[in-house]
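A note on names: the letters A, B, ... follow the listed sequences, proteins ahead of strands, and every chain is numbered from 1.
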Amino acid sequence: METAYEIVIEETDERFFCAAGENILKAMERLNRKGIPVGCRGGGCGVCKVRVRSGRYSARKMSRAHVSVEEESNGIGLACRLVPESDLAVQVLGTMRKSVLAQIARTASAND
Amino acid sequence: MAQSSVLRPGHVSLRVLDMEAAIVHYRERLGLQEVDRDAQGRVYFKAWDEQDWFSVVLREADRPGMDYVGFKVVSSAALDQLEAELKSFGCKVERIPANELKHCGERIRFEIPTGHLIELYAHKEYMGNGLGRVNPDPWPEGLKGMQAQRFDHVLLYGDDLDTNLKLFTEVLKFDLTEQVVDGELKLATFLSCSNKVHDIAFIRHAEKGKFHHASFLLGTWEEILRAADLISMHDISLDLGPTRHGLTRGRTIYFFDPSGNRNEVFCGDYTWYPDHEPITWTADKLGKAIFYHDRKLNENFLNVVT
């Protein structure tokens, strides 16, 4: 079986699998749920910003307009550029945070 | 109604994060021809049916986006005159010596009110389209990917559309061809210096100097569908389409280069003449104006820029 890592979004406790070599955003897109902001998928537009709270990953080059050197060294990056090397816990930031949490709120109120 | 001494968009310089990936994208997928590289590591491309040496320049950098877009003007005299007029308008104008970009004559560069850098130049070396000028065949064999015919226009995002419009129409003598308005507020302006319905376009956006897309011309709707096939075949990041715009009537598909810069390939807009009157789209029909079939706004298309 192909290696896959479990990613958890801490704010929503959503869990999904990311295949080895695959970026986090691609795995999130497969969740097929509303509120996953997918922009350029190339590390350029900055909409899929996350903070990795635990776990190992590698980061491909991303726009310094959206992720500073300091942020990058503190586990912040664009989900489309981060490739897990272990299970990861992530927090959502910026547009990603607004979008993911707004959709959760809408779903919750629809279920009330 | 204007007769501009500006001929057309002649080049765009884009920043990319990874040059090797960008070269594969622009050469193999979009189908541009790589024509040169320089000591700074910049890579030059042309589309097959362009006559001048290059139209796209890529530069590796730590953030994607557009460095500048350059327009060719009819003569050195026109360049000098426009320089003087731009200065009286209040623009700071910089002269860039010939051959700073290989094969290109002297350029003038100025910042427009939306924060973008625009260049004008009168000379660029002639390369031709490979078909010759006597009894030519209609197209060259061996083209790659989407087989883009020419670099056509850019769409830029910025704040001060009103002063921009004044500069483009009064100084550079472009025509306003289409616009989107919300009451008195201009949300979008499409501008032409030629028979094309847009040579450059702007959308109102809080932040200055943002790049929405660089567009390349294809011949037919069938070629747009073929571009869509190539986008899936090579797992290129798709933005939107294939669809039709209300604005300009263009048939289109949008996708991203590997650094997140948006590209468009399109066909089938209409011919503009300088005695035409501009077309206006109202904000309540913005969905239809942008995506004529879906008739609704798309968050990504409106907000994702580099």
Q. Using a cut-off of under 4.5 Å for heavy-atom pairs, which of B/N261, B/D18, B/N303, B/L17 has the most such pairs with chain A?
A. B/L17

**Q.** Exercise: identify the closest heavy-atom pair between A/K49 and A/I76
**A.** CE-CG2, 3.5 Å

Q. Which one of A/G44, A/G43, A/P37 has the most heavy-atom pairs closer than 4.5 Å to chain B?
A. A/G44

Q) Is NZ or CZ of A/R30 both nearer than 6.0 Å to the six-membered ring centre of A/F17 and within 45° of the ring axis? A) no

Q) Which atoms form the tightest heavy-atom contact between B/I23 and B/R37, and what is the distance? A) CD1-NH2, 3.4 Å

Q.
Could you check, using the six-membered ring where one of them is a Trp, whether B/F54 and B/H11 have ring centers closer than 6.0 angstrom?
A. yes

(Q) Within residues 199-217 of chain B, which residues come under 4.5 Å of chain A, heavy atom to heavy atom? (A) none

**Q.** Side chain, backbone, both or neither of B/N298 within contact of chain A (heavy atoms, under 4.5 Å)
**A.** neither

Q) Closest approach of A/R81 and B/P258, non-hydrogen atoms and distance? A) NH1-O, 4.2 Å

Q: Would you name the heavy atoms of B/D269 and B/T248 that are closest together and state the gap between them?
A: CB-O, 3.1 Å

Q: Indicate, with yes or no, if the rings of B/F255 and B/H234 have centres closer together than 6.0 Å.
A: no

Q. What's the shortest heavy-atom distance between B/L218 and B/E223, and which atoms?
A. CD1-O, 3.5 Å

Q. Aromatic ring centroids of A/Y57 and A/Y5 under 6.0 Å?
A. no

Q. Does the A/S86 side chain pair with the main chain of A/G55, one donor and one acceptor, at a distance under 3.5 Å?
A. no

(Q) Which heavy atom of B/R226 sits nearest to which heavy atom of B/G145, and what is that distance? (A) NH1-O, 2.9 Å

(Q) Heavy atom to heavy atom, less than 4.5 Å: which residues from residues 56-70 of chain B reach chain A? (A) B/E60, B/A61, B/D62, B/R63, B/P64

Q. Heavy-atom distance under 4.5 Å to chain B: side chain of A/R60, backbone, both or neither?
A. neither

Q: Mark yes or no for whether B/Y157, through its side chain, and B/L302, through its backbone, hold a donor-acceptor pair below 3.5 Å.
A: yes

Q. Can you tell which of B/D239, B/V16, B/L238 has the highest number of heavy-atom pairs within less than 4.5 Å of chain A?
A. B/L238

